[in-house]
Amino acid sequence: MSGGRTIRVLNVAEKPSVAKAVAGILSRSQGLRVREGRSRYNKIFEFNYTISGQPCQMLFTSVTGHLMELEFEDRYRKWHSCDPVDLYHAPVRKFVPEDKLDIKRTLEEEARKCQWLVLWLDCDREGENIAFEVVEVCTEANRHLNIWRARFSALIDREIHESVQSLVQPNKLFADAVDVRQEIDLRIGASFTRFQTMLLRDAFVLEFATDDRNLVLSYGPCQFPTLGFVVERYWEIQSHEPEEFWTINCTHNSDEGIATFNWMHGHMFDYTCAVILYEMCVQEPIATVTKVRQQEKLKYPPHPLSTIELEKRASRYFRMSSEHTMKVAEDLYQAGFISYPRTETDCFSERTDLHTIVQEQQGHPVWGSYAQRLLDHGAGLWRNPTGGGHDDKAHPPIHPTRFSAGESGWSQDHHRLYELVVRHFLACVSQPAVGAETIVEIDVAGELFSASGRVIIAKNYLDVYRFESWGGSMIPTYTFGQQFIPTTLTLDSGVTRPPPLLSEADLLTCMDKAGIGTDATMHDHIKKLLDRFYATKDLNTRFSPTSLGEALVMGYDDMGYELWKPYLRAMMESDMKAVSIGSKRKADVLATCLQQMKACFLDARLNKAKLFEAMAIFFERSNRAGVDEQHAVGDVVRRCGLCQESDMVLRRKPDGNFMVGCLGFPQCRNVVWLPGSIAEAAVTTSVCNTCSPGPVFMIQFKFRRLEIPTNYNVDHLGCIGGCDEILRQLVEICGTGSRNLSSIPARGRGHTTSSSSTWRSNSEQGACTHCRQAGHSSNDCPSQASRFRSTRSLGMNPQTGESSIPCNTCGTPCVLRTANTANNKGRKFYSCQSQECNFFVWEDSLNNANGGRSASRATRSSSASNPSRRGGRGHSGTHTPDVTFVSATGDPISGRRCYVCGDPSHFANVCPNRGM
DNA sequence: GCAAGGTC
């Protein structure tokens with residue numbers, strides 16, 4: 001890396017401001033030129049620099065965050081193009097979206113001119129991922145680029161100069177971890193969102209939605225746990241039963257004032273006991289001072305300001321929403337008044353010139369004199385700030401970067417937020433407040449009471465941080481051993497109160513602790529709850545769930561799933577960490593996680609009745625036709641060949657069976673009856689290239705495993721145009737959804753143009769497709785029938801002699817096991833032997849279920865449902881767990897059963913099937 | 001029309 005002729009180096013930062021700042025630092029603003037790129041926000045800076053002795057012509061530009069997005073391939077983009085479960089393996093692609101194409105072109109053009117590429121993306125996992133997006137675009141344009149990564153944690157001269165002299169290689173593992181996160185988020189989010197939206201939106205009257213056809217009931221691994229926090233607190237309040245307690249209070253008036261003594265026992269819930277103690281005090285009411293303690297107390301200023309802290313404080317002090325706070329902060333940042341507002345860091349680098357920042361504030365009419373005192377050595381007000389232990393290695397804590405006494409274009413909130421940032425900064429480089437505290441303890445008939453007083457000796461940082469206060473209170477002087485008769489001695493009652501609804505600051509705290517979202521996105525998740533009608537916020541910034549939010553959480557809760565709890569995200573986070581340090585492989589984590597979530601999705605879908613039940617508590621059923629997972633009208637399959645005027649659409653009848661019927665009904669009665677064994681069907685965008693007249697859109701079918709022969713696949717992309725041999729055979733074997741053909745008006749019968757009549761005549765006249773014998777169809781084939789009976793019913797496995805059933809989900813035999821949990825000890829259950837399946841059913845529920853599929857499935861979580869919650873809003877809200885689970889750390893966790901394998905004896909974080 | 005993560 002030395003000597004030689006000048007080379008051209010393309011430098012790319014994550015955002016325009018960093019490109020500008022680093023270019024300014026490296027060029028020392030000497031010979032710095034700037035020109036436009038193709039994107040109006042991302043300028044290109046040019047200057048000369050020497051890296052390790054190598055003369056370089058530096059071109060410095062930027063992206064704006066991620067350059068690429070992850071999406072499903074087109075065939076899967078439309079909601080009805082596929083079964084949502086397919087989204088767990090549908091191909092995905094990374095591409096540069098329309099609004100980033102300008103940036104891409106700039107990168108390509110500049111990369112072609114350069115020999116080196118230096119990546120100045122933020123030094124976090126997302127930054128590393130963006131680095132590889134930039135690498136992909138640039139190397140596509142210039143395969144000979146030399147790739148380097150600059151590591152820096154703050155835009156400070158020395159650090160930037162050091163960073164460029166010690167370039168490293170980008171870290172693929174960090175980028176891999178983000179790839180995992182993106183793909184999992186996309187697949188889980190899209191599958192569950194489509195599923196629950198299509199299931200519920202048309203089935204209930206959702207009066208709050210002005211356009212309920214476009215209403216989306218989204219699910220996301222961050223938004224749902226956020227909703228979960230809101231609902232859980234709401235339930236806690238609902239279930240709170242006030243309890244009366246008793247306490248003894250004592251006061252003493254003297255010449256110096258009044259002292260209020262608190263009973264050191266605190267609250268007592270036993271009235272008799274409290275009365276006895278009180279009577280003892282009253283009978284012998286002499287107080288003896290047993291302790292007088294005087295000590296200096298310090299109240300420390302806050303740590304340097306991180307994003308979450310800024311949001312929490314703006315909510316507390318000004319009642320600003322976190323989303324609005326971030327908008328205002330972004331404005332102030334863009335205008336150069338405050339530093340980058342999205343940071344986890346709450347400690348300043350030793351290299352930060354804190355004094356200069358304070359100096360800039362000296363001229364302010366309100367806090368300027370405080371800034372002057374801070375800089376005055378003699379005043380002793382300065383103190384180097386103590387950090388809170390968080391450092392994202394990418395940005396410093398939020399601090400003022402430019403003085404302002406207020407700008408004409410600022411709103412009140414701009415003024416407030418700038419003031420908060422400045423006062424917070426000045427506070428955290430200040431000495432703590434000092435108080436002198438006196439604690440006096442007395443003994444009355446063996447009962448101890450204490451009183452305390454405080455005198456503020458030096459306010460220090462509290463002088464500038466007007467948002468905090470530290471109350472002073474005086475008490476009279478007491479001496480050890482002194483005796484007096486209390487002025488009052490009372491037995492007072494009180495009642496326990498429920499906790500308050502979660503405030504925005506509380507919610508941010510919950511999310512932060514559970515690792516839900518990032519500093520830059522937490523406010524988005526909160527806003528999403530409001531936008532989706534899942535929660536509301538009152539004037540005190542406190543959140544309540546809406547009926548919709550509560551119903552959704554209740555539905556999943558009744559299934560026994562923890563999808564609304566933060567554990568899923570926490571596990572994903574730990575897996576991402578493992579990928580980023582190389583202890584797990586990206587492909588393995590993806591495969592394992594998606595396999596588990598797919599099983600969970602399939603199970604949630606089997607238990608969709610729970611979601612329905614929960615919704616029915618709060619909402620009226622809609623009387624729209626064709627509800628459930630089909631939309632009301634149905635998707636067009638082809639033009640009707642009979643009337644040649646209307647479209648044929650896929651429909652689900654109230655009995656659950658599918659058909660493709662002409663929209664011209666009743667004038668046109670053309671219909672194609674589909675096999676009765678279909679669980680789900682969705683029209684895709686694929687067109688059959690055999691059948692005519694076209695287009696005939698293919699239908700994605702999912703058959704019920706138990707109702708079709710095992711040699712047929714449950715997933716089938718089929719055509720109703722007449723070319724589909726498999727579909728024809730399944731109609732024969734299973735019959736159609738039309739149970740009594742003769743009762744159906746002759747829809748299209750006799751018209752050879754109708755594909756349905758073609759099938760029917762074939763099946764009526766042909767030989768059995770199973771045994772090839774004439775005289776019966778495979779519907780009535782004796783061998784086939786007996787096989788179906790044996791798979792449909794419980795019984796001994798003739799091969800092994802074990803009791804078994806075929807799995808309802810995947811067809812693999814289930815083994816009979818015995819539960820060993822507190823509430824279900826000895827109870828038998830079947831569980832699927834396949835590692836890839838989590839089917840589980842109680843044996844007794846099968847015996848009681850009259851052989852019905854849905855009945856047997858429904859029992860899966862019947863023991864977990866809590867009848868006390870079934871009274872609408874009046875539910876008690878107590879979540880009585882069937883068992884107490886133990887986490888990996890040994891802490892008990894309330895819950896019901898493992899969402900991974902369905903086993904009630906453990907929780908997912910210690911599930912052996914997770915492959916951790 | 002779905003997620004969450006960057007950023008303008």
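Quick caveat: nothing in here was measured; it's all calculated off a predicted structure. Convention: sequence-line order gives letters A, B, ...; per-chain numbering from 1.
- Regarding A:Leu70, its CG atom lies at a distance of 14 Å from the P atom of B:dA4, rounded to whole Å.
- Closest contact between the side chain of A:Pro221 and the listed nucleotides B:dG6, B:dA4, B:dC2 involves B:dA4.
- Between the CG atom of A:Asp519 and the P atom of B:dA4 there is a distance of 16 Å, given to the nearest Å.
- Taking the ring axis of A:Tyr561 as reference, the NZ or CZ atom of A:Lys610 does not stay both within 45° of it and closer than 6.0 Å to the ring centre.
- In this structure, A:Tyr534 and A:Val216 approach most closely via the heavy-atom pair OH-O, 4.5 Å.
- The CG atom of A:Leu186 sits 6 Å away from the C1' atom of B:dA3 (whole-angstrom rounding).
- Between A:Gln334 and A:Glu126, the residue anchored closer to the 5' end of DNA chain B is A:Glu126, taking for each the nucleotide with the nearest heavy atom.
- Judged by closest nucleotide on DNA chain B, A:Trp79 is the one of A:Trp79 and A:Asp99 placed further toward the 5' end.
- In this structure, CZ of A:Phe132 is placed 17 Å from C1' of B:dG6, rounded to the nearest angstrom.
- Closest contact between the side chain of A:Ala190 and the listed nucleotides B:dT7, B:dA3, B:dC2 involves B:dC2.
- If you check every strand for non-hydrogen atoms under 4.0 Å, A:Lys528 touches sugar and phosphate atoms only.
- When all heavy atoms of A:Pro221 and A:Asp185 are compared, the closest pair comes out as CG-OD1, 3.3 Å.
- At whole-Å resolution of the value, CG in A:Leu563 and P in B:dA3 are 16 Å apart.
- In this structure, of B:dT7, B:dA4, B:dC2, it is B:dA4 that holds the atom nearest to the side chain of A:Gln223.
- Between A:Arg181 and B:dG5 there is no side-chain polar atom (N or O) within less than 4.0 angstrom of OP1 or OP2.
- Across B:dG5, B:dT7, B:dA3, the shortest atom-to-atom separation from the side chain of A:Pro16 is found for B:dT7.
- Residue A:Gly517 is in sugar-phosphate contact alone, with no base atom involved, counting any heavy-atom pair closer than 4.0 Å across all strands shown.
- At B:dC2, none of the side-chain N or O atoms of A:Thr197 fall inside 4.0 Å of OP1 or OP2 (strictly under the cut-off).
- Cation-pi geometry between A:Arg402 and A:Phe337 is met: under 6.0 angstrom from the ring centre, within 45 degrees of the axis.
- Listed pair A:Ser191 / B:dC2 fails the phosphate criterion, with no side-chain N or O lying under 4.0 Å from OP1 or OP2.
- For the pair A:Glu311 and A:Asp519, the tightest heavy-atom approach, listed with the atom from each and the gap, is OE2-O, 4.1 Å.
- Taking 4.0 angstrom as the limit, A:Arg194 places none of its side-chain polar atoms (N or O) nearer than this to OP1 or OP2 of B:dA3.
- One finds a side-chain N or O of A:His525 lying less than 4.0 angstrom from the OP1 or OP2 phosphate oxygen of B:dG5.
- Nucleic acid contact for A:Leu87: none, since no nucleic acid atom lies under 4.0 Å from a heavy atom of the residue.
- Atom pair A:Glu573:CD and B:dA3:C1' shows a separation of 16 Å (rounding to whole Å applied).
- Contact annotation for A:Tyr219: backbone-only contact, meaning every heavy-atom pair under 4.0 Å involves sugar-phosphate atoms and none involves a base.
- The nearest whole Å value for the distance from the CD atom in A:Glu330 to the P atom in B:dG6 is 13 Å.
- Note: CD (A:Glu133) to P (B:dG5) measures 15 Å, nearest angstrom.
- Closest heavy-atom contact between A:Tyr556 and A:Gln196: OH-OE1, 2.6 Å.
- Considering only the side chain of A:Cys222, B:dG5 comes nearest among B:dC2, B:dG5, B:dG6.
- In this structure, of B:dT7, B:dG6, B:dA4, it is B:dA4 that holds the atom nearest to the side chain of A:Asp185.
- Here the side chain of A:Glu71 is nearest to one of B:dC2, B:dA4, B:dG6, namely B:dC2.
- Residue A:Arg125 places no side-chain N or O under 4.0 Å from the OP1 or OP2 atom of B:dA4.
- In this structure, A:Asp122 reaches the sugar-phosphate backbone alone: every heavy-atom distance under 4.0 Å involves primed, P, OP1 or OP2 atoms, never a base.
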What verdict does the side chain to side chain donor-acceptor pair (under 3.5 Å) test give for A:Glu504 and A:His523, after you've listed the backbone C-alpha separation in whole Å, the side-chain angles of each residue and the deciding distance to 0.1 Å? CA-CA 9 Å; A:Glu504 187 144 3; A:His523 66 274; over 6 Å; no

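- The shortest distance between the side-chain N/O atoms of A:Ser218 and the OP1/OP2 oxygens of B:dC2 is not below 4.0 Å.
- Taking only side-chain nitrogens and oxygens, A:Arg569 comes nearer than 4.0 Å to OP1 or OP2 of B:dG5.
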